[in-house]
A.B. asks: 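What follows is a structure written as structure tokens; I'll ask about it next.
Whatever order the structure lists ligands and atoms in, that order sets their numbers, starting from 1.
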Amino acid sequence: MAVAHLVCRPLSCSKPLGNPNPAAPLLSSKPSLSFPTPSRCRSLALRVSSSAAPASVLAAEASFHHCFSKSADGYLYCEGVRVQDVMEGAERSPFYLYSKAQITRNFDAYREALEGLRSIVGYAIKANNNLKILEHLRGLGCGAVLVSGNELRLALRAGFDPTRCIFNGNGKIVEDLVLAAENGVFVNVDSEFDLENIVTAARVVGKKVPVLLRINPDVDPQVHPYVATGNKTSKFGIRNENLHWFLNAIKSYSNEIKLVGAHCHLGSTITKVDIFRDAAVLMVNYIDQIRAQGFELEYLNIGGGLGIDYYHTGTVLPAPMDLINTVRELVLSRDLTLIIEPGRSLIANTCCLVNRVTGVKTNGTKKFIVIDGSMAELIRPSLHGAYQHIELVSPSLPDAEVSTFDVVGPVCESADFLGKDRELPTPAKGAGLVVHDAGAYCMSMASTYNLKMRPPEYWVDNGSVVKIRHGETFEEFVKFFDGL
Ligand SMILES: Cc1ncc(COP(=O)(O)O)c(C=O)c1O
């Protein structure tokens, strides 16, 4: 098996913000500040899953350097920066902490996998919409996958080329479609009424809209039902038995729309790449049928997101190379440009939610660690029972008893948990505790429930800690009522 290395590359430094606490050196603008260096970096060997795909199309063992690693000194580091030290300089807790270098490494894995193919990597902005992260991904070469007009506005602000953006969704409104049409964004046709709305938008703008037909492939992605999108009964896309109706309708709107491709989306957290090949086989078959009707299709958009090792067990998961290798020959055989729509696999593992322990309590047989972070900042565990790895950021006291805890927040809901039945040393009040792999669908799904204001975000960039989003404040919240 070939070896795909995710290489650590030095990055040019973006503008660090000033240190809110002059006594704490960590958030300084000087990248040359020296931080305690980990004496050992965790290095996980990732092997390919037991996919049904033939060995010849599988990529191989990759040496995976996780950006958050526990060092021999017992402290958690992010790219050489001690998380405990970041906590001491941060504006408040909880906060999100990212590794910029890990985002680059994740993108590079796609770039390498796509060599030899015409392609667009459409980063799914819904996974994480931090403007600084978007600018970075755009700079690396990403296009964007959008699901609302505001995501398009943000993509434009981040400098994305709109002709490398794709507007998805089962309920796109005309106002947002007009914005997409003005900017030359690809639009996916999701239903009969969606087609009508796209045609209306094209007429309003006076421009022909490039469209892809979103076909529901009826492939079971074998994931949680909340993140499956390509089953027969899903709310997304058109059923293949309606294909010819749509082709005729599209022909009749030849002044307003141009059919340029076919799209499908299977679901998220996918851990078996043969599912992508099953879908690609179906899709090139549809593309053959559509081309036979005289349409000049150029794009095949195979949406469906790879899972990540949320459990931190070193589980063997497919990498971008495995995904692309399963569809490469099919794409080349039809001379297509491949569009992919990764969100989670680009951003999830680049970030931790950093919290402080408020206290420890016992009720009956149950022990709780209560932290200042909650379902408001990180809802995946409450929403679909998702597991995210949890650990303390500093060595515990020698006499700290190791017990099984539920890690919970202060929100007034029994569903407010970040992790259940976690074996951890009993932490001291104020100790730092991280929830790992919080880069995707955490901050972008955060709410202000219980009037918890959305937290600030930082990234480690070349050894410096830089704020990349301000925390939201109560004062901003009450402004919504000004003058009413
Ligand atoms: C249409 C579409 N594209 C892209 C994505 C991103 O998927 P993921 O974050 O799993 O890579 C999703 C997520 O569900 C989606 O629905």
A.B. asks: Pull out every atom of ligand 1 sitting under 4.0 Å from any heavy atom of Y441, numbered as shown with elements.
C.D. replies: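 It comes down to these atoms of ligand 1: 6 (C), 7 (O), 8 (P), 9 (O), 13 (C).
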
A.B. asks: Would you mind running through ligand 1 and noting each atom that sits below 4.0 Å from a heavy atom of N168?
C.D. replies: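 This gives 1 (C) as the contact atoms.
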
A.B. asks: Looking at Y387, is R422 sitting on its ring face, NZ or CZ under 6.0 Å from the six-membered ring centre and within 45 degrees of the normal?
C.D. replies: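 So R422 does make the cation-pi contact.
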
A.B. asks: Should the pair R118 and Y299 be classed as cation-pi, given the thresholds of under 6.0 Å to the six-membered ring centre and 45° from the axis?
C.D. replies: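 Not flagged: R118 not positioned over aromatic ring of Y299.
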
A.B. asks: In a check of side chain to side chain contact (heavy atoms under 4.5 Å, CB included) between L212 and each of I339, L297, N168, which one passes?
C.D. replies: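 The residue from I339, L297, N168 that satisfies side chain to side chain contact (heavy atoms under 4.5 Å, CB included) with L212 turns out to be I339.
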
A.B. asks: What atoms in ligand 1 come closer than 4.0 Å to a heavy atom of P342?
C.D. replies: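 Listed by number with element: 11 (O).
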
A.B. asks: Which is it for A124 and ligand 1 at heavy atoms under 4.0 Å: side chain, backbone, both or neither?
C.D. replies: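 It is the side chain that touches ligand 1; the backbone stays farther off.
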
A.B. asks: Can you tell if the side chain of S374 reaches within under 4.5 Å of the side chain of K452, non-hydrogen atoms only?
C.D. replies: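 A side-chain contact exists here, since the closest heavy-atom pair is under 4.5 Å.
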
A.B. asks: Can you tell me if A440 has a non-hydrogen atom under 4.0 Å from ligand 1?
C.D. replies: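 Outside the 4.0 Å threshold, so no.
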
A.B. asks: Closest by any non-hydrogen atom to atom 4 (C) of ligand 1: pick that one out of H263, K126, E341, R214.
C.D. replies: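 Looking at heavy atoms only, E341 sits closest to atom 4 (C) of ligand 1.
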
A.B. asks: Measure the distances from the heavy atoms of F236 to every atom of ligand 1 and state whether one is below 4.0 angstrom.
C.D. replies: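 It does not, in that no heavy atom of F236 comes within the 4.0 Å cut-off of ligand 1.
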
A.B. asks: Among V434, I371, L424, whose side chain to side chain contact (heavy atoms under 4.5 Å, CB included) with I390 holds?
C.D. replies: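 By the side chain to side chain contact (heavy atoms under 4.5 Å, CB included) criterion, I390 pairs with just one of V434, I371, L424: L424.
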
A.B. asks: Side chain of D190, backbone of G237: donor and acceptor closer than 3.5 Å?
C.D. replies: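 Checked: pair present.
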
